[in-house]
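Convention: sequence-line order gives letters A, B, ...; per-chain numbering from 1. Quick caveat: nothing in here was measured; it's all calculated off a predicted structure.
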Number of protein chains: 2
Amino acid sequence: MNTLAEENYLKAIYHLTENDGNASTNQIASSLNTKASSVTDMLKKLADKALINYTPYQGVNLTPSGEKIALGIIRKHRLWEYFLVEKLNFKWDQVHDLAEEMEHISSEELIDRLDQFMGYPTHDPHGDPIPDCNGRFNTHELKPISAVTINQCGVISGVRNHSSSFLQYLDKQQLTIGCKIMITDIIEYDHSVVVQTGNKEVQISREVANNLLIAL
Amino acid sequence: MNTLAEENYLKAIYHLTENDGNASTNQIASSLNTKASSVTDMLKKLADKALINYTPYQGVNLTPSGEKIALGIIRKHRLWEYFLVEKLNFKWDQVHDLAEEMEHISSEELIDRLDQFMGYPTHDPHGDPIPDCNGRFNTHELKPISAVTINQCGVISGVRNHSSSFLQYLDKQQLTIGCKIMITDIIEYDHSVVVQTGNKEVQISREVANNLLIAL
DNA sequence: TAAAAAATTTAGACTAATCTAAAAAAATAA
DNA sequence: TTATTTTTTTAGATTAGTCTAAATTTTTTA
């Protein structure tokens with residue numbers, strides 16, 4: 001098995017390389033709140049274990065076995081988040097740090113039984129897809145609201161930022177997962193977006209629009 | 001917060017001093033599968049934190065704040081065991097090691113919500129009492145079967161050994177928590193005990209009788 | 001109660017993960 | 001294309017928890 005620190009590095013590298021190609025030492029350091037020199041040390045260790053491809057100064061990406069481990073951790077994280085919200089009635093802005101701890105419980109059988117217990121959910125409370133026990137999940141195309149044109153409709157389906165302050169703001173504006181919305185105006189001056197949700201209209205900043213994802 | 005190692009030491013000391021007075025360095029070492037010298041180091045650290053009373057060469061016991069932490073961990077352990085058996089359909093012989101890992105998840109709120117979700121159970125799957133959120137629990141008097149006289153009746157209510165081999169043996173003999181039994185004979189030669197359970201009679205060794213607890 | 005045995009502590013070393021400071025490599029800019 | 005800046009790595013130290021071996025204290029036994 002891998003240590004807690006190793007698991008956190010693999011998960012960070014997974015997320016940093018989800019779209020692009022390689023993760024840099026500094027990117028990893030900042031996403032784990034650690035120093036670049038610590039990252040270098042760990043990269044050597046993970047490379048020795050054949051979990052990452054590492055060329056000094058060139059950044060890293062996951063090998064198939066590293067990716068498998070990362071997906072296992074992400075699966076656990078998202079299933080625990082679902083459990084916390086659906087069974088224990090936590091709010092979606094309260095579960096991230098808890099799941100961060102629970103994702104390191106090692107048993108595969110436990111997580112598979114938890115999955116079954118909850119009826120094999122496909123998405124966590126923030127709209128992120130939950131990998132199945134083989135690490136597979138559907139990546140439906142989501143767009144940030146900032147990338148959508150006027151008069152388009154869609155369903156809020158994900159967030160790019162999981163901080164509780166952002167999620168609490170969305171709650172207050174009633175912009176939560178599953179809401180049908182329409183983009184009614186885009187302010188030229190500061191790129192704010194005016195959104196029709198249910199019976200009311202709200203105006204959200206470019207920053208918010210960038211971090212709120214919809215399915216068209 | 002305390003480290004994982006500290007929590008394990010506090011829990012071990014709690015169990016070793018549950019009945020008697022002080023836990024010795026060697027007792028702690030053997031219950032944690034570590035060396036006496038490692039234990040001495042940790043005892044100093046726990047004493048510095050005022051979690052144990054430690055006089056060199058004299059063994060240790062918990063201070064009130066150490067006991068509070070130990071009871072918190074035991075509460076978590078037993079609630080997770082209950083969850084694993086009642087909600088995820090694990091067998092009672094499969095949950096100990098899993099709960100050993102889960103008991104270190106730190107959130108109080110999580111465990112209190114889990115407690116509520118399950119309806120505030122009072123005993124775990126092995127019959128051990130679950131401390132409430134203030135660390136209180138009832139200690140009903142249980143006796144090992146080896147301490148009971150012929151013709152006495154009782155209900156199997158606990159075990160002193162949590163190993164899966166012992167629990168699997170009890171399953172096979174249909175000697176599980178809640179079973180009504182009667183002691184029908186005690187073999188003088190080797191202190192085996194003959195027990196009436198349901199419609200059949202089984203003979204159990206002194207060793208087993210020592211580790212199986214009943215309420216009279 | 002002195003000698004032997006057992007239990008405990010001390011001394012010194014090791015590993016994993018981290019850090020700061022300095023050196024080296026790569027990227028950027030003049 | 002040389003100098004400057006940024007990024008990354010190396011060197012050496014630190015902390016928590018552990019270990020082995022030696023020293024010390026306590027307990028047991030004769």
Side-chain angles (χ1 to χ4, degrees), chain A residues 1-17 20-62 66 69-70 73 100-101 103-106, chain B residues 1-17 20-62 66 69-70 73 100-101 103-106:
Chain A
M1 248 303 100
N2 306 286
T3 66
L4 193 146
E6 286 169 354
E7 292 192 350
N8 284 332
Y9 274 85
L10 292 175
K11 189 174 59 139
I13 295 166
Y14 179 90
H15 286 308
L16 288 169
T17 55
D20 335 71
N22 270 21
S24 76
T25 301
N26 269 357
Q27 284 176 319
I28 297 167
S30 102
S31 89
L32 292 173
N33 282 305
T34 184
K35 295 297 149 79
S37 57
S38 310
V39 173
T40 302
D41 284 349
M42 182 59 94
L43 295 184
K44 287 180 194 158
K45 197 166 133 192
L46 294 173
D48 284 348
K49 288 186 161 197
L51 300 174
I52 60 171
N53 301 116
Y54 170 51
T55 320
Y57 298 101
Q58 302 309 133
V60 297
N61 55 59
L62 297 175
I69 294 170
I73 299 161
E100 204 80 348
E101 213 176 332
E103 73 193 6
H104 300 289
I105 295 165
S106 55
Chain B
M1 247 302 100
N2 307 287
T3 65
L4 193 145
E6 286 169 354
E7 291 192 350
N8 284 333
Y9 273 86
L10 292 175
K11 189 174 60 140
I13 295 166
Y14 179 91
H15 286 308
L16 289 168
T17 56
D20 335 72
N22 269 21
S24 76
T25 301
N26 268 357
Q27 285 177 319
I28 298 168
S30 103
S31 90
L32 292 174
N33 282 305
T34 183
K35 295 297 149 77
S37 56
S38 310
V39 174
T40 302
D41 284 349
M42 183 58 95
L43 295 184
K44 286 180 196 159
K45 196 165 133 193
L46 294 173
D48 284 348
K49 287 187 162 195
L51 299 175
I52 60 171
N53 300 117
Y54 171 51
T55 321
Y57 298 102
Q58 302 308 133
V60 295
N61 56 58
L62 298 175
I69 294 169
I73 298 162
E100 205 80 350
E101 212 176 334
E103 73 193 7
H104 300 290
I105 295 165
S106 54

Between [N] ([atom2]) and [X] ([atom1]): distance, integer Å:
X: Met1(B); N: dA16(D); atom1: CE; atom2: C1'; answer: 17 Å
X: Gln58(B); N: dT8(C); atom1: CD; atom2: P; answer: 10 Å
X: Leu43(A); N: dT10(D); atom1: CG; atom2: P; answer: 11 Å
X: Asp41(A); N: dA11(D); atom1: CG; atom2: P; answer: 11 Å
X: Asn22(B); N: dA7(C); atom1: CG; atom2: C1'; answer: 15 Å
X: Met42(A); N: dA16(C); atom1: CE; atom2: C1'; answer: 8 Å
X: Glu6(A); N: dT15(C); atom1: CD; atom2: P; answer: 16 Å
X: Lys44(A); N: dT9(D); atom1: NZ; atom2: P; answer: 8 Å

Response to the item:
Closest heavy-atom pair, Tyr14(B) versus Ala70(B), reported as atoms and distance to 0.1 Å, is CB-CB, 3.7 Å
Worksheet item: What's the shortest heavy-atom distance between Asn53(B) and Leu62(B), and which atoms?
Response: OD1-O, 3.9 Å
Fill in: Glu100(A) side, atom CD; Ile73(A) side, atom CD1 - distance, nearest 0.5 Å
10.0 Å
Worksheet entry | Stretch residues 30-39 of chain A: residues that reach within less than 4.0 Å of DNA chain D through a heavy atom | Ala36(A), Ser37(A)
Practice prompt. Assign Thr40(B) to base, sugar-phosphate, or nothing according to its heavy-atom contacts below 4.0 angstrom with the strands shown.
Written response: base
N or O in side chain of [X] less than 4.0 angstrom from [N] OP1/OP2:
X: Tyr9(A); N: dA16(C); result: no
X: Asn26(B); N: dA6(C); result: no
X: Tyr54(A); N: dT9(D); result: yes

Heavy atoms, side chains only, cut-off 4.5 Å: are [X] and [Y] in contact?
X: Val60(B); Y: Ile28(B); answer: yes
X: Ser31(A); Y: His15(A); answer: no
X: Leu32(B); Y: Val39(B); answer: no

Worksheet item: Does dA30(D) pair with anything, Watson-Crick or G-U wobble, both distances under 3.5 Å, and if so, with which nucleotide?
Response: dT1(C)
Worksheet item: Any sub-3.5 Å donor-acceptor pair from Glu7(A)'s side-chain atoms to His104(A)'s backbone N or O?
Response: no
